[in-house]
Amino acid sequence: MVQRRSRRRMSVARQILLLQLALLSLVIGAGAALAVFDERGDSDDAIRRQVSSIAETLALTDSTAQALASADPTAILQPQTEKIRLATGVDFIVVMAPDRTRYTHTNTELIGELFTGNIDRALAGETFTETYAGSLGPSIRAVTPVYDASGTLVGLVAVGVTREEISKQFAQSIPTILAIAAAGLIAAVLSSLLVSRRIRRQTLGLAPDELLTMYEHHDAVLHSIGEGLVVIGRGRGGAAQVDMVNDEARRLLDLPEGRVELSSIPPALRDADAGSATDEVHLTDQRILVVNQHPVEWEGKRIGTVLTIRDHTELQNVLGELDSVRDFAESLRSQAHESANRLHTIITMVELGKYDEAVSFATNELRLSQQLIDRLVNAVQEPALAALLLGKLSEATERGVELTVTEDTALGAVSALTPRELVTLVGNLVDNAIDASRSSEQPWVEVTVMEEDSTMVVAVADSGPGMTPDALEKAKERGYSTKSGSRGIGLALVSQIVKRHGGTFVSEPGLGSMLVVRIPLRQAQQ
């Protein structure tokens, strides 16, 4: 985990939260102001439509024209207009003569005086609205003409609402606008907090300069370390995905350039939920790898896995050669011990005067040993493989196991496989069989190496309990064992060679337990 250099620095998540809140507050505030302005305009338009509708309705009523033609229009129109005014909520209704003389007014003291608004457009036959400062103060008013039955202009009707009343009506809508703005602001704050929480989790609560420093160090380290590094994280829906691969990991795992899919990672390394592992041995088709696996947690939750990979192919080859030398030394020691016993026996026979028996004993032992050597050397043209089988015969005898190289064993020159691959393949199969056979009362191992229909066949049977197909597959793929020494990955090494040359490696039912390898020599040579 990255160590923070300063607790006072503001994290990326917090900076984004504050910027979001400032921006959203500005947007919501501007929206609220525009809503207020728009509401004010809508309110004025509604008043204009209202006063125009009332004025036109009153002007078109026959009783209005008849009242204007009567001797006392005020007596008839004043009560009617007041009822209409109170019912509609307007501030004044003025019915006047064409010369502006008022017949009705909210303030009765102004009846008989001249109307102070504009009437020229109404005298021309048009209904219009205007904002005008009249006797009751600034107001929005509508003025329309009144005609009698003959079409003669007999008067005018003016209906208006004062600005003071409009402001009161407008003020009643302000709380609703503010409530909507407040609700929007609360929703914006909550959503910003959720976004901030997600960003904080993704950025580990780091400040921008800390992220920049971490990236620079991260990039430098990735390109400088000699170990392979793979980070498996969580994608959408919690599915595992490869978040990062360095150059060495691409080389060791033969990964393509660009984005790496999880399916490209060897199956044994894909489990993002696996626990810690130290120095586990894994095999690819070409390499032997040592893998360390460590889970990554943040705030108590598993967020991924880090894999470090080291190439131990050359080291394993050296260890394999060392094991071969050690086995050869053990074989020489065993042969030397057996030869010493035979020599003491012959000397004792000579000392006892049993010369014929001594000669017979010596020649029989030499003949049997030479026959076996001659048979293997003639049947197997690869000297390293012949020497391996002879050494394993002595080793098996030393360990109390009866090892038999069958009469069917015969193998010509094999150019497809190197001597090292032949020794690794056959040696590990025989070692595994010797170890397995010792669990029986009379341990035995039977080895056959031959060419059949342009295919090299290596069959190793033993008296052990055998391996199920599932156990064999696990041993081939995992390449990991609790055994000490190089034999712990013996069958995985065999599987690696078989895959490299397009062969098969299976367990077959037979006498005891049997593992069989088949490698097509022609296909391998091509």
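The heavy-atom pair separating Pro443 from Gly400 by the smallest distance is CG-O, 3.3 Å. The two atoms that bring Ser437 and Val445 nearest to each other are OG-CG2, 3.8 Å, heavy atoms only. In plain terms, the two heavy atoms of Pro465 and Ala436 that are nearest each other are CD-O, 3.9 Å. Taking every heavy atom of both residues into account, Ser439 and Gly464 meet most closely at OG-CA, 4.1 Å. Taking every heavy atom of both residues into account, Ser507 and Leu472 meet most closely at N-CD2, 3.6 Å. Contact between Ala413 and Gln381 at its shortest, heavy atoms only, is N-OE1, 3.5 Å.
With sequence neighbours left out, the side-chain hydrogen bond (donor to acceptor under 3.5 Å, both in side chains) criterion links Arg250 to no other residue.
Side-chain N or O atoms of Ser513 include none that pairs as donor or acceptor with a backbone N or O of Asp462 at under 3.5 Å. Judged purely by atom type and a 3.5 angstrom limit, Asn246 uses its side chain to pair as donor or acceptor with the backbone of Leu229. Put simply, the side chain of Asn428 gets close to the backbone of Thr424: a donor and an acceptor are under 3.5 Å apart.
Considering only heavy atoms from C-beta on, Leu411 comes within 4.5 Å of Met456 through its side chain. Residues Leu253 and Val230 form a side-chain contact, since some pair of their non-hydrogen atoms from C-beta on lies under 4.5 Å apart. Under the 4.5 Å side-chain criterion, counting only non-hydrogen atoms from C-beta, Thr448 is not in contact with Val457. Considering only heavy atoms from C-beta on, Leu491 comes within 4.5 Å of Leu515 through its side chain. Taking the side chain as every heavy atom from C-beta outward, Val447 and Leu403 approach each other to under 4.5 Å. Residues Phe505 and Leu425 form no side-chain contact, since every pair of their non-hydrogen atoms from C-beta on lies 4.5 Å or further apart. Side-chain contact between Val426 and Lys392 is absent, with no heavy atoms from C-beta onward closer than 4.5 Å. Side chains of Glu248 and Ile309 form no contact here, defined as non-hydrogen atoms less than 4.5 Å apart.
Crowding of Glu402 atom CD: a count of heavy atoms from other residues, nucleotides or ligands under 6.0 Å not exceeding 12. The 12-atom threshold is not exceeded at CG of Asp453, counting heavy atoms of other residues, nucleotides or ligands nearer than 6.0 Å.
Arg518 CZ to Thr455 OG1: the interatomic distance, rounded to the nearest 0.5 Å, is 8.5 Å. The structure places CG of Leu393 at 10.0 Å from CD of Glu395, a figure rounded to the nearest 0.5 Å. Remark: Met467 CE to Met514 CE distance equals 15.0 Å, nearest 0.5 Å. Rounding to the nearest 0.5 Å places CG of Leu429 at 11.5 Å from CD1 of Ile434.
Here the rule is side chain to side chain contact (heavy atoms under 4.5 Å, CB included) with Gln293, and of Ile232, Thr305, Thr308 only Thr305 fits it. Of the residues listed (Thr418, Leu422, Val423), the one engaging Glu382 in a side chain to side chain contact (heavy atoms under 4.5 Å, CB included) is Leu422, and it is the only one.
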- [ ] Determine, step by step, whether Leu417 and Arg500 satisfy the side chain to side chain contact (heavy atoms under 4.5 Å, CB included) criterion, reporting the C-alpha distance in whole Å, the side-chain angles of both residues, the deciding distance to 0.1 Å, and the verdict.
- [x] CA-CA 10 Å; Leu417 278 75; Arg500 190 181 303 154; over 6 Å; no
Task: side chain to side chain contact (heavy atoms under 4.5 Å, CB included) evaluation trace for Ile497 with Leu493 - done: CA-CA 6 Å; Ile497 296 172; Leu493 290 172; 5.6 Å; no
